[in-house]
Participant: 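My questions will all concern the structure given below.
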Amino acid sequence: MDPRLAPFPASRPRRLRQSPAIRALVQENTLSVDDLIWPVFVRDGVNEEEAVVSMPGVTRKSVDLIVKAAKEAWSLGIPAICLFPYIDPALKTEDCAGAWDPDNLSNTAIRAIKDAVPDMAVMTDVALDPYNINGHDGYVVDGEIVNDRTVEALVKMTLAQADAGADIIGPSDMMDGRIGAMRKALEDAGHSRVTIMSYAAKYASAFYGPFRDAVGASGALKGDKKTYQMNPGNSDEALRLVARDLEEGADMVMIKPGMPYLDIIRRVKDSFGAPTFAYQVSGEYAMIRAAALNGWVDGEKIMMESLLGFKRAGCDGVLTYFAPEAAKILNG
Ligand code: PBG
């Protein structure tokens, strides 16, 4: 594209900004409810709902209330919901066996949602952290997060989720070789329809703090995740990881966090043209919400502008805790 304009006054760029109608005609990117994936937190019990203090407006819900919320989200036009379980700290173990229990919270919620709203896509989280006594996404042996043994556990977890009816498997663990292992296991088990959205470029970020409160991992986590999640200073590495995950069989890729990494989204989309998603993570949500609750910014406008920014950067869709609120605005 030749970006040159005719000399002024033949060219007056403000002509195209003069009215809502003209601005709408020339708008390059738009946000739609079809772009939204809603992450939610599942807890045990019946008719239970408790606030996540560091994420005002977000709650942990028991399965019955998650189903109700999924129905509402589907009626707003939101195509997908993503489940994260809150596991009682007393139930966390070293072997993380709860992760592939067919009747664990997450798998119970998958079945209940697919029963009530069969056409809604259900996405899962594959990582050991909610179940791990150490709070890490992988097994910890002698202070080290071990890769290959973790991948074996993640494969079992994936198969249990697929058996429960999951549509999108979301490996957020950042172990090496997991996408290929999961894809092979899914194919071998007859789950060739089940898709994988790889957290391909997931950075070791302080923006995950409120999420770790939400899933009860903050207290358990010892140390940091820098030996498996990416260094925030790196960009080329993200392209190598996305290439690898696509080659191993990822159907869709994700960049995470979102707003501080829009440059990575653009590079990934331009390099591969694959279905590309961003996760507007808990810390991003908390910052916007906190500023809005203080009256320092217009919360609705900032929410919509931040989501449109992901589309402009090259995303096909966004995981966002704002999904229902944004959908209501988009639906007028
Ligand atoms: C862990 C996981 C994390 C998030 C999703 N899956 C946190 C982490 O890696 O510590 C973060 C989501 C958010 O902050 O909203 N497997």
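We use all heavy atoms of the structure for the numbers below, so side chains are in, but hydrogens, waters and symmetry mates are not.
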Participant: Under the side chain to side chain donor-acceptor pair (under 3.5 Å) definition, can you give me all pairs with a residue in residues 237-248, not counting sequence neighbours?
Facilitator: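 Only D176-R244, R178-D245, S198-D245, N234-E237 qualify under side chain to side chain donor-acceptor pair (under 3.5 Å).
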Participant: Looking at OH of Y131 and CG of L91, how far apart are the two atoms once the value is rounded to the nearest 0.5 Å?
Facilitator: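 Separation between the atoms: 11.0 Å.
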Participant: So R193 and D167, salt bridge (charged side-chain N to carboxylate O under 4.0 Å, His left out) or not? Walk me through it.
Facilitator: CA-CA 8 Å; R193 151 202 97 72; D167 300 284; 3.1 Å; yes
Participant: Judged by atom type as modelled, is there a donor-acceptor pair below 3.5 Å linking the side chain of D213 to the main-chain atoms of V53?
Facilitator: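 Here the side-chain-to-backbone pair does not exist.
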Participant: Indicate if V140 and V151 have the same hydrophobic cluster label, given that clusters are the connected sets of ILVMFWY residues with side-chain heavy-atom separations under 4.5 angstrom.
Facilitator: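 V140 and V151: one cluster.
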Participant: Is there a path of hydrophobic side-chain contacts, each under 4.5 Å between heavy atoms of I, L, V, M, F, W or Y residues, that connects Y86 with M157?
Facilitator: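 No, Y86 and M157 fall in different hydrophobic clusters.
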Participant: Of all residues at least two apart in sequence or in a different chain, which pass the ring pair (Phe, Tyr, Trp, His ring centres under 6.0 Å) check with Y203?
Facilitator: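 If we apply the ring pair (Phe, Tyr, Trp, His ring centres under 6.0 Å) test to Y203, skipping adjacent residues, the hits are Y261.
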Participant: Carefully, step by step, assess M254 and I37 under the rule side-chain contact (heavy atoms from CB on, under 4.5 Å).
Facilitator: CA-CA 12 Å; M254 189 207 294; I37 300 176; over 6 Å; no
Participant: With a cut-off of 6.0 Å (strictly less than), are more than 12 heavy atoms of other residues, nucleotides or ligands near CD of E300?
Facilitator: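 No, not enclosed.
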Participant: Assess the residue pair L83 and V122 against the criterion (side-chain contact (heavy atoms from CB on, under 4.5 Å)); give the C-alpha distance rounded to whole Å, side-chain angles, the decisive distance to 0.1 Å, and a yes or no.
Facilitator: CA-CA 8 Å; L83 303 171; V122 177; 3.9 Å; yes
Participant: Might you point out which heavy atoms bring R289 and P56 nearest each other, and give the distance in Å?
Facilitator: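 Looks like NE-O, 3.1 Å.
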Participant: Any side-chain heavy-atom pair from V42 and V63 closer than 4.5 angstrom?
Facilitator: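 Contact flag for V42/V63 side chains = yes.
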Participant: If you group Ile, Leu, Val, Met, Phe, Trp and Tyr by side-chain heavy-atom gaps below 4.5 Å, do L330 and M303 land in one group?
Facilitator: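 Same hydrophobic cluster.
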Participant: With rounding to the nearest 0.5 Å, note down the distance linking CG in L154 to SG in C96.
Facilitator: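 The SG atom of C96 is 9.5 Å from CG of L154, to the nearest 0.5 Å.
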Participant: Counting only N and O atoms by type, is there a donor-acceptor contact under 3.5 Å from the side chain of N104 to the main-chain atoms of G98?
Facilitator: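 Yes: the side chain of N104 pairs with the backbone of G98.
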Participant: What I'd like to find out is whether the side chain of P171 reaches to under 4.5 Å of the side chain of I179, using heavy atoms alone.
Facilitator: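 P171 reaches I179 side chain to side chain.
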Participant: Between the side chain of R60 and the main-chain N/O of A214, is any donor-acceptor distance below 3.5 Å?
Facilitator: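 The answer is yes, because a donor-acceptor pair under 3.5 Å joins these two groups.
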Participant: Looking at A290, is its backbone amide N or carbonyl O close enough to the side chain of N294 to form a donor-acceptor pair, meaning the two atoms are under 3.5 Å apart?
Facilitator: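 Yes; judged by distance alone, with no hydrogens or angles, the pair exists.
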Participant: Are the charged groups of D173 and K202 less than 4.0 angstrom apart, N to O?
Facilitator: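 K202 and D173: not salt-bridged.
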Participant: Could you tell me if the side chain of R111 sits less than 4.5 Å from the side chain of D103, heavy atoms only?
Facilitator: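 Side chain of D103 against side chain of R111, heavy atoms only: contact under 4.5 Å found.
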Participant: Taking all atoms of both residues into account, what is the closest heavy-atom pair of L262 and G309, and its distance?
Facilitator: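 What the structure gives for the nearest pair is CD2-O, 4.2 Å.
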Participant: Would you say E284's side chain and P257's backbone share a donor-acceptor pair under 3.5 angstrom?
Facilitator: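 Answer holds: no.
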Participant: Quick check for you: to the nearest 0.5 Å, what is the distance between E187 atom CD and M182 atom CE?
Facilitator: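 These two atoms lie 14.0 Å from each other.
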Participant: Which pair of non-hydrogen atoms, one from A6 and one from S11, has the smallest distance, and what is that distance?
Facilitator: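 Of all heavy-atom pairs spanning A6 and S11, the closest is O-CB, 3.0 Å.
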Participant: Begin with the C-alpha distance, continue with both residues' side-chain angles, and end with the deciding distance and a verdict on side-chain contact (heavy atoms from CB on, under 4.5 Å) for I87 and V215.
Facilitator: CA-CA 7 Å; I87 309 291; V215 299; over 6 Å; no
Participant: Which atom names give the shortest non-hydrogen contact between A99 and L128, and what distance separates them?
Facilitator: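 Shortest heavy-atom contact: CB-CD2, 4.0 Å.
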Participant: Is there a donor-acceptor pair under 3.5 Å between the side chain of K114 and the backbone N or O of M120?
Facilitator: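 Judged by distance alone, yes, a pair lies under 3.5 Å.
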Participant: Enumerate the residue pairs fulfilling side chain to side chain donor-acceptor pair (under 3.5 Å) with a member in residues 19-37, sequence neighbours excluded, ordered by first and then second residue.
Facilitator: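 Those involving residues 19-37 are D35-K311.
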Participant: If the condition is side chain to side chain donor-acceptor pair (under 3.5 Å), which residues does R4 pass it with, not counting sequence neighbours?
Facilitator: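 By the side chain to side chain donor-acceptor pair (under 3.5 Å) rule, R4 matches D2.
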Participant: Got a sec, which residues hit ring pair (Phe, Tyr, Trp, His ring centres under 6.0 Å) with Y139, two or more places apart in sequence or on another chain?
Facilitator: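 Partners of Y139 by the ring pair (Phe, Tyr, Trp, His ring centres under 6.0 Å) criterion come out as none, since no residue qualifies.
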Participant: Just how far is it from atom CD1 of I302 to atom CH2 of W296, taken to the nearest 0.5 Å?
Facilitator: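 If we round to the nearest 0.5 Å, I302:CD1 and W296:CH2 are 12.5 Å apart.
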Participant: Just to verify, what does Y228 make a side chain to side chain donor-acceptor pair (under 3.5 Å) with, not counting sequence neighbours?
Facilitator: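 With sequence neighbours excluded, Y228 shows a side chain to side chain donor-acceptor pair (under 3.5 Å) to H136, given in chain and number order.
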Participant: How long is the gap from CH2 on W38 to CE on M123, to the nearest 0.5 Å?
Facilitator: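 One finds 15.5 Å between CH2 of W38 and CE of M123.
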Participant: Hey, are the side chains of Q229 and D224 touching, using non-hydrogen atoms and a 4.5 Å cut-off?
Facilitator: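 No, too far: nothing below the 4.5 Å cut-off.
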Participant: Please say yes or no: joined through hydrophobic side-chain contacts below 4.5 Å, possibly via intermediate residues, are F41 and L221 part of one cluster?
Facilitator: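 In one cluster: no.
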Participant: Sequence neighbours left out, cut at 3.5 Å: what donor-acceptor pairs do the side chains of residues 272-282 make with other protein atoms?
Facilitator:
| residue | atom | partner | partner atom | Å |
| --- | --- | --- | --- | --- |
| T276 | OG1 | A274 | O | 2.6 |
| Y279 | OH | Y321 | OH | 2.7 |
| Q280 | OE1 | T320 | OG1 | 2.7 |
| Q280 | NE2 | S306 | OG | 3.0 |
| S282 | OG | F207 | O | 3.3 |
| S282 | OG | F211 | N | 2.9 |

Participant: Using side-chain heavy atoms (C-beta onward) and a distance below 4.5 Å, is V52 in contact with P210?
Facilitator: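 They are not in side-chain contact.
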Participant: Residues two or more places apart in sequence or in another chain: which of them pass side chain to side chain donor-acceptor pair (under 3.5 Å) with T195?
Facilitator: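 Result, side chain to side chain donor-acceptor pair (under 3.5 Å) vs T195: none returned.
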Participant: Only pairs at least two apart or in different chains count here, so list each side chain to side chain donor-acceptor pair (under 3.5 Å) that has a residue in residues 63-85.
Facilitator: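 Sorted pair list: S62-D64.
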Participant: Quick check: closest heavy atoms across I110 and A166, and the distance to 0.1 Å?
Facilitator: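 Reported closest heavy-atom pair: CG2-N, 3.6 Å.
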Participant: Work out which heavy atom in L105 is nearest to a heavy atom in P85; give both atom names and the distance.
Facilitator: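 Heavy atoms of L105 and P85 come nearest at CB-CB, 4.3 Å.
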Participant: Using the ring pair (Phe, Tyr, Trp, His ring centres under 6.0 Å) rule, collect all pairs that involve residues 44-70, keeping only residues at least two apart or in two chains.
Facilitator: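 Qualifying pairs, neighbours excluded: none.
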Participant: Taking side chain to side chain donor-acceptor pair (under 3.5 Å) as the definition, give me every residue that meets it alongside D188, ordered by chain and number, with sequence neighbours left out.
Facilitator: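 Per chain and number, D188 pairs via side chain to side chain donor-acceptor pair (under 3.5 Å) with K184.
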Participant: Relative to Y208, does K225 satisfy both conditions: NZ or CZ under 6.0 angstrom from the six-membered ring centre, and within 45 degrees of the ring's axis?
Facilitator: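 The answer is no, since K225 fails at least one limit relative to Y208.
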Participant: Is K222 atom NZ crowded by more than 12 heavy atoms from other residues, nucleotides or ligands, each under 6.0 Å away?
Facilitator: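 Atom NZ in K222 is crowded, with more than 12 foreign heavy atoms closer than 6.0 Å.
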Participant: V253 versus L246: any side-chain heavy-atom pair under 4.5 Å?
Facilitator: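 Touching, per the 4.5 Å side-chain cut-off.
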Participant: Begin with the C-alpha distance, continue with both residues' side-chain angles, and end with the deciding distance and a verdict on side-chain contact (heavy atoms from CB on, under 4.5 Å) for L76 and L36.
Facilitator: CA-CA 11 Å; L76 288 169; L36 303 173; over 6 Å; no
Participant: Cluster question for you: counting only ILVMFWY and a side-chain heavy-atom cut-off of under 4.5 Å, with indirect links fine, are V33 and I168 together?
Facilitator: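 Same cluster: V33 reaches I168 through Ile, Leu, Val, Met, Phe, Trp or Tyr contacts under 4.5 Å.
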Participant: With sequence neighbours excluded, give me every side chain to side chain donor-acceptor pair (under 3.5 Å) pair touching residues 141-162.
Facilitator: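 Residue pairs passing side chain to side chain donor-acceptor pair (under 3.5 Å), neighbours aside: T124-Q161.
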Participant: How many angstroms lie between CD1 in I81 and CG in L319, if you round to the nearest 0.5 Å?
Facilitator: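 With rounding to 0.5 Å, CD1 (I81) is 11.5 Å from CG (L319).
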